[in-house]
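All values derive from a computational prediction rather than experimental measurement. Below, each value reflects all heavy atoms present in this structure, side chains not excepted, and no hydrogens, waters or symmetry copies. Naming: A, B, ... by sequence-line order, numbering from 1 per chain.
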Number of protein chains: 2
Amino acid sequence: MTTAQNECVDRYKARCLMQERNLFGRLQAAALASRTQAKRLLRSIGDLSITEWRVLWDLAEAGPLTVTEMASIQRTDHALISRTIPAMIEKGYVATTTGQTDRRTSLVALTPAGQSIFDETSVIMSRRRAALSDVFSEADLDAFLGLIDRFEQFVEDPISLRPATGGTE
Amino acid sequence: MTTAQNECVDRYKARCLMQERNLFGRLQAAALASRTQAKRLLRSIGDLSITEWRVLWDLAEAGPLTVTEMASIQRTDHALISRTIPAMIEKGYVATTTGQTDRRTSLVALTPAGQSIFDETSVIMSRRRAALSDVFSEADLDAFLGLIDRFEQFVEDPISLRPATGGTE
DNA sequence: AAATATTATGTGACTTGTCACGTAAAATAA
DNA sequence: TTATTTTACGTGACAAGTCACATAATATTT
């Protein structure tokens, strides 16, 4: 092998090592791997998408909710939930009623069929959470959540990057 | 307000609190917030997509790379990169040559124009990483990365969820 | 050498997520 | 009351990511 080729391989490996400590990339990759695992689990049981499962879960745990409430619980965009509801109505998992006090909102509620799908799916999904608790103690979880809190705070702050000073100022 | 309404609100709030400690959801939300911040930063400078920026960065740091190598560095799917290359060639940021020793591969390299875009963008993006270092010490980072390692290991293990025992067996 | 397996890349179809916009209802200011 | 602002929801357009498949080149086995 030529010297030039060796140099290329070395630069590639150095780059891999460098990116292993890039928090942005690592967090992204971990979250995506988690999503992929959830997707596979759901597919192995039935044909729920992740968004559909999260809607079922929220409704089963907290009763009828509006789109905005579910988006808030799931820390996601309302558009995602708004879009998934029609398909779930079609499948007969949920039903909507216009809000009594606020006619802008539509309360989404679980149907018996939805409850039954939730019950089936819930077995596997809670097993996943239980398996995670085996690997992460409460103390680990607290530490992890604390770091995530700080990271989220950093990443949601639009001002922190503006000054070119780099100091505390 | 009626008792029934109060009960609904309480269940909603309880659900929010519960999901605050759901590692899967929190990690997902943090990663998405990070991606959104990066997207906004990139948009404030020019019109690079996140994938395009990551390609430029890898090429600037590690010289000409194949699609598979970049996917490996970025811990992402090769399809994502494969799809973004034609647009970058169109813009004149990169050029491809068929691999010398392996004619299946195509080596992607930065053009002078690509280098120049990278230099401009790099200023802002490294400021972001520097700002993160201000918030997370090396020790914090080590702890965070350690937890992410363990989480990834859990989430990439297809077997760990199969047994219904729930214990160590 | 011939047959087989593996690997690198590209691509269609789909899900997830973001953004910007429009509409209607509600809340607030005038 | 009227005008203005805010909020809830839906939707089109796009970026990001996954999966499965096709193809061609390489590596391995026989």
Taking the six-membered ring of Phe24(A), is the NZ or CZ of Arg129(B) close enough (under 6.0 Å from the centre) and on axis enough (within 45°)? no

Among Asp140(A), Val135(A), Leu27(A), Leu132(A), whose side chain to side chain contact (heavy atoms under 4.5 Å, CB included) with Phe151(B) holds? Leu132(A)

Side chain of Asp102(A): nearest nucleotide among dT16(C), dA25(C), dA13(C)? dA25(C)

If you find the nucleotide of DNA chain C closest to Gln100(A) and the one closest to Asp77(A), which residue's nucleotide is nearer the 5' end? Asp77(A)

Quick one: does Arg83(B) reach the base of dG12(C) with a side-chain donor-acceptor pair under 3.5 Å? yes

Students often get this wrong, so: under 4.0 angstrom with heavy atoms, is Gln28(B) touching a base, only sugar-phosphate, or nothing? sugar-phosphate

Counting side-chain heavy atoms from C-beta on, which of dA8(C), dT18(D), dG10(D) comes nearest to Val67(A)? dG10(D)

What is the separation between atom CD1 on Ile89(A) and atom C1' on dC9(D), rounded to the nearest whole Å? 13 Å

Report, as yes or no, whether the 6.0 Å neighbourhood of atom CZ on Arg21(A) holds more than 12 heavy atoms from other residues, nucleotides or ligands. yes

Using a cut-off of less than 4.0 Å, is there contact between a side-chain N or O of Ser82(A) and OP1 or OP2 of dC9(D)? no

Could you tell me the separation between the CZ atom of Arg103(B) and the P atom of dT23(D), rounded to a whole number of Å? 19 Å

Between Arg11(A) and Glu61(B), does any side-chain N to carboxylate O distance fall below 4.0 Å? no

Of the listed nucleotides dC9(D), dT18(D), dT11(D), the one nearest the side chain of Ala79(A): dT11(D)

Hey, are Arg75(B) and Glu152(B) close enough for a salt bridge, meaning a charged N less than 4.0 Å from a carboxylate O? yes

Look at the side-chain N and O atoms of Thr105(B) and state whether any lies under 4.0 Å from the OP1 or OP2 oxygen of dA8(C). no

Take the protein atom CG of Leu80(A) and the nucleotide atom C1' of dC9(D), then report the distance between them rounded to whole Å. 14 Å

Using only atom types and a distance under 3.5 Å, with no angle test, would you say the side chain of Thr121(A) pairs donor to acceptor with the backbone of Ile117(A)? yes

Between atom CD in Glu156(A) and atom P in dT18(C), what is the gap in whole Å? 11 Å

Taking only the side-chain heavy atoms of Thr76(A) (C-beta and beyond), determine which of dT18(D), dT18(C), dC9(D) contains the nearest atom. dT18(C)

Sugar-phosphate, base or nothing in reach of Leu32(A), heavy atoms under 4.0 Å: sugar-phosphate

Has the side chain of Arg104(B) got a donor or acceptor atom sitting under 3.5 Å from an opposite partner on the base of dT26(D)? no

Whole angstrom is fine here: how far is it from CD1 in Ile81(B) over to P in dT11(C)? 15 Å

Could you tell me how far apart Arg40(B) (CZ) and dA15(D) (P) are, to the nearest whole angstrom? 17 Å

To the nearest Å, give me how far apart NE2 (His78(B)) and P (dC19(D)) are. 11 Å

Nucleotide dT18(C), atom C1' - distance to CD of Gln37(B) in whole Å: 15 Å

Give a yes/no on whether any side-chain N or O of Ser49(B) is located under 4.0 angstrom from OP1 or OP2 of dA16(D). yes

Which residue lies more 5' along DNA chain D, comparing Thr66(A) with Lys39(A) via nearest heavy atoms: Thr66(A)

Is Arg75(A) touching bases, backbone alone, or none of the nucleic acid, heavy atoms closer than 4.0 Å? nothing

Between Arg35(B) and dC19(C), is there a side-chain N or O to OP1/OP2 distance below 4.0 Å? no

Check this one for me: any side-chain N or O of Thr36(B) less than 4.0 Å away from OP1 or OP2 of dT18(C)? yes

